[in-house]
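Take a look at the structure below.
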Amino acid sequence: MFDSLSSKLSGVFSGLSRRGRLSEGDVAEAMREVRMAMLEADVALPVVRDFVDKVRERAVGQEILESISPGQAVAKIVNDALIEALGGAGAATLNLSAAPPVAILMVGLQGSGKTTTTGKLGLRLSSRERKRVLLASLDVQRPAAQLQLQQLAERVGVTSLPILPGQSPQEITRRAMKTARQEGYDIVVLDTAGRLSIDEALMQEVREIREIAGPAETLLVVDAMTGQDAVNTAQHFNEAVGVTGVVMSRMDGDARGGAALSMKAMTGAPIKFVGMGEKPEALEEFYPERVAGRILG
Ligand code: GDP
């Protein structure tokens, strides 16, 4: 277990009187602890630097109330700034306000948890939000991919687009949108093909699919366990196809979530959900306040 940042900071400030303002010297030492906690949590270095600068500015000269210790005061400033940097308190929601059928495009590298997340999202939207949802796999690269989504859809009780062998991803997209319009679906979740690495062919395919479907959301699924690689992936996808939200899978592992902060800082795209396990129910909304606690330890 990591010591909580608040208790570490209390140690830093133990010699300080409870009254008065925080000096630059007091804060500098505290910022070393913050920096260390963030690097341990795998936050990218430039993001840590920016963050620490911002917090330092806020903390220096801060008057310490008698009711709290200087350590607690700085820990609160750090925590508040972190929540803000992660997108502000509360969960980021999906933008589903367009006229139905609303398309949601799922993108990401192979193995990131994209298909699993597509199934999870289908379940959430149909059971919690009472939407009529159609799932479609556009992955014609891996022979078993379309079947995998079909089985997942059956398991969660959501309809999937019937598989027609030989169709291109673009043709499947057109068919999915047409079916949704004709049969009155509210939402179509399109699971695009993943590749082992980011390549131009993949990005071009995603751009063409986006053109056809006109998605309200393009959600990038990244594996939280891959840390800095997940951040690089997010930057590439965002530059190439534009990402409206990120889903971090495998947050049930021991990743401390620093990648969430790096991704938000570097792409501006909000984290919308976190995957908390392999089961279809294991998808949670992203709450910056929870992840802030995890990053600070
Ligand atoms: P895709 O290639 O990106 O479509 O990846 P899959 O959806 O097939 O997922 C790859 C593996 O990761 C599967 O074994 C999933 O069960 C697993 N997986 C996906 N999301 C999570 C998650 O949030 N937590 C855990 N522990 N495993 C996950």
Side-chain angles (χ1 to χ4, degrees), residues 42 91-92 94 104-125 127-128 133-156 158 160-161 163 169 172-173 176 188-199 201-203 205-206 209 215 217-227 229-234 236-238 240-241 243 245-260 263 269 271-287 290-291 294:
D42 218 7
L94 288 176
I104 299 176
L105 200 56
M106 306 299 291
V107 300
L109 294 177
Q110 192 175 311
S112 60
K114 193 166 41 58
T115 302
T116 309
T117 305
T118 303
K120 288 175 175 177
L121 208 52
L123 174 63
R124 164 180 282 264
L125 293 169
S127 66
R128 288 206 200 178
V133 183
L134 180 67
L135 305 183
S137 169
L138 312 179
D139 189 351
V140 298
Q141 303 283 324
R142 270 192 316 136
Q146 295 188 63
L147 213 54
Q148 185 192 343
L149 186 67
Q150 188 181 61
Q151 285 164 354
L152 199 55
E154 275 167 24
R155 186 170 158 200
V156 300
V158 173
S160 63
L161 189 73
I163 298 171
I172 301 173
T173 306
V188 184
V189 190
L190 299 164
D191 185 18
T192 62
R195 304 283 156 84
L196 288 173
S197 63
I198 297 163
D199 59 36
L202 166 66
M203 294 304 181
E205 184 177 296
V206 173
I209 290 164
E217 293 273 3
T218 301
L219 298 182
L220 172 70
V221 182
V222 291
D223 180 349
M225 301 294 286
T226 61
D229 279 345
V231 181
N232 296 340
T233 304
H236 277 117
F237 269 95
N238 192 46
V241 300
V243 168
V246 175
V247 182
M248 288 186 76
S249 67
R250 296 205 185 85
M251 278 292 274
D252 49 314
D254 56 8
R256 290 193 43 208
M263 255 182 279
I271 318 276
K272 298 212 168 172
F273 295 102
V274 291
M276 295 299 291
E278 297 190 78
K279 294 209 181 84
E281 299 78 20
L283 184 72
E284 294 181 2
E285 281 159 331
F286 176 77
Y287 285 97
R290 287 184 201 159
V291 177
R294 197 161 158 162

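The structure displayed is predicted, hence computed values, not measured ones. Indexing begins at 1, ligand by ligand and atom by atom, following the structure's order.
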Side-chain donor-acceptor distances from residues 144-152 under 3.5 Å, at least two apart:
unit_1 : atom_1 : unit_2 : atom_2 : d
Q148   : OE1    : R142   : NH2    : 3.4

For a distance cut-off of 3.5 Å, show me each N or O of ligand 1 paired with any protein N or O, plus the separation.
unit_1   : atom_1 : unit_2 : atom_2 : d
ligand 1 : 2 (O)  : G111   : N      : 2.7
ligand 1 : 3 (O)  : G111   : N      : 3.2
ligand 1 : 3 (O)  : S112   : N      : 3.1
ligand 1 : 3 (O)  : S112   : OG     : 3.4
ligand 1 : 3 (O)  : G113   : N      : 2.9
ligand 1 : 3 (O)  : K114   : N      : 2.8
ligand 1 : 4 (O)  : T115   : N      : 2.9
ligand 1 : 4 (O)  : T115   : OG1    : 2.8
ligand 1 : 5 (O)  : G113   : N      : 3.2
ligand 1 : 7 (O)  : T115   : N      : 3.3
ligand 1 : 7 (O)  : T116   : N      : 2.8
ligand 1 : 7 (O)  : T116   : OG1    : 2.5
ligand 1 : 8 (O)  : Q148   : NE2    : 3.1
ligand 1 : 9 (O)  : T116   : OG1    : 3.4
ligand 1 : 12 (O) : R250   : NH2    : 2.6
ligand 1 : 14 (O) : E278   : OE1    : 3.3
ligand 1 : 16 (O) : E278   : OE1    : 2.6
ligand 1 : 23 (O) : K120   : NZ     : 3.3
ligand 1 : 23 (O) : R250   : N      : 2.9
ligand 1 : 23 (O) : G275   : O      : 3.3
ligand 1 : 23 (O) : G277   : N      : 3.4
ligand 1 : 23 (O) : G277   : O      : 3.3
ligand 1 : 24 (N) : D252   : OD1    : 2.8
ligand 1 : 24 (N) : G277   : N      : 3.4
ligand 1 : 24 (N) : G277   : O      : 3.4
ligand 1 : 26 (N) : D252   : OD1    : 3.4
ligand 1 : 26 (N) : D252   : OD2    : 2.8

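A salt bridge (Lys or Arg N to Asp or Glu O under 4.0 Å) check over residues 105-118, counting only residues at least two apart or in different chains, returns the pairs K114-D191.
Atom-to-atom distance recorded for S112:OG and M225:CE is 14.5 Å, nearest 0.5 angstrom.
Between the side chain of S160 and the backbone N or O of A136 there is no donor-acceptor pair closer than 3.5 Å.
Applying the salt bridge (charged side-chain N to carboxylate O under 4.0 Å, His left out) test to D254 and every residue at least two apart in sequence or in another chain returns nothing.
When side chains are defined from C-beta on, N232 counts as touching D229, because their heavy atoms get closer than 4.5 Å.
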